[in-house]
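Heads up: numbering here begins at 1 and tracks the sequence. Remember, it's a predicted structure, so these values are computed and weren't measured experimentally. The analysis underlying the following values was restricted to heavy atoms, covering all of them including side chains, and did not include hydrogens, waters or symmetry mates.
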Amino acid sequence: MATIIISETFTDAPGGRLRSDGPKSGEEFRNDFLIPVFDKLTESEQITIDLDGCFGYATSFLEEVFGGLSREYGAKKVLEKLKFKSDEEPLLITEIQEYIKDASK
């Protein structure tokens with residue numbers, strides 16, 4: 001199982017939704033970091049996304065990353081393949097799961 005610690009792998013200060021919104025956007029994280037790992041997963045593998053260590057997340061960042069992934073791969077596959085860890089803000093996990101479900105409706 002792969003683990004992506006956003007604060008170490010990407011940034012501790014995530015930006016907005018799109019690259020055009022500035023550095024460290026949700027679009028950049030999804031396309032440049034998450035999808036390459038996601039595409040290499042075998043049927044039984046999962047990715048743990050560690051959300052701790054960041055100064056906060058804009059809802060636009062979270063929706064673009066995880067809602068965008070859901071629009072591309074479908075909610076069922078994304079929810080099966082991604083596991084989330086957030087000791088600092090456990091409610092983020094529920095929020096992200098809702099973005100995933102809502103994006104594929």
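Lys85 has a carboxylate O that lies under 4.0 Å from a charged side-chain N of Asp87, or vice versa, which qualifies the two as a salt bridge.
Ile35 has its side chain within reach of Arg30: a pair of non-hydrogen atoms, C-beta onward, lies under 4.5 Å apart. Using a 4.5 Å cut-off on side-chain heavy atoms (C-beta onward), Leu41 and Ile47 make contact. Using a 4.5 Å heavy-atom threshold, the side chains of Lys24 and Phe29 count as separate. With a 4.5 Å cut-off on side-chain heavy atoms, Val65 and Leu34 count as touching. You'll find the side chain of Leu69 reaches within 4.5 Å of the side chain of Leu82, heavy atoms only. In this structure, the side chains of Val78 and Phe38 come closer than 4.5 Å at one or more pairs of heavy atoms. Between Ile6 and Phe33, the closest side-chain pair of non-hydrogen atoms is not below 4.5 Å. Between Arg17 and Glu27 there is no side-chain heavy-atom pair separated by less than 4.5 Å.
Lys81 contributes atom NZ, which lies 7.0 Å from atom CD of Gln46 (distance to the nearest 0.5 angstrom). Put simply, CZ on Phe10 and SG on Cys54 are 9.5 Å apart, with the number rounded to the nearest 0.5 Å. To the nearest 0.5 Å, atoms CG (Asp52) and CD (Glu89) are separated by 8.5 Å. Of the inter-residue distances, the one linking Glu8 atom CD with Thr3 atom OG1 reads 10.5 Å to the nearest 0.5 angstrom.
Panel note: side chain Glu64, backbone Leu18; no donor-acceptor pair is recorded below 3.5 Å. Remark: side-chain polar atoms of Glu63 are not paired, donor with acceptor, to backbone N or O of Ser60 under 3.5 angstrom. In this structure, the side chain of Asp12 does not engage the main chain of Ser7 through any donor-acceptor pair within 3.5 Å. In terms of modelled atom types and a separation under 3.5 Å, the side chain of Tyr57 and the main chain of Leu51 share a donor-acceptor contact.
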Side chains of residues 90-100: which donor-acceptor pairs under 3.5 Å do they make with residues two or more places apart or in other chains?
| unit_1 | atom_1 | unit_2 | atom_2 | d |
| --- | --- | --- | --- | --- |
| Glu95 | OE2 | Tyr99 | OH | 2.8 |

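For Phe61 and Phe66, the gap between ring centers reaches or exceeds 6.0 Å.
Annotation for Glu28 and Pro23: closest pair OE1-C, 4.3 Å, computed over non-hydrogen atoms. Ala103 approaches Gly67 most closely through the heavy-atom pair CB-O, 3.3 Å. In this structure, Ser104 and Ser70 approach most closely via the heavy-atom pair CB-OG, 3.6 Å.
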Would you sort out whether Asp32 and Arg19 count as a salt bridge (charged side-chain N to carboxylate O under 4.0 Å, His left out), showing the intermediate values? CA-CA 11 Å; Asp32 297 353; Arg19 291 179 196 269; 2.8 Å; yes
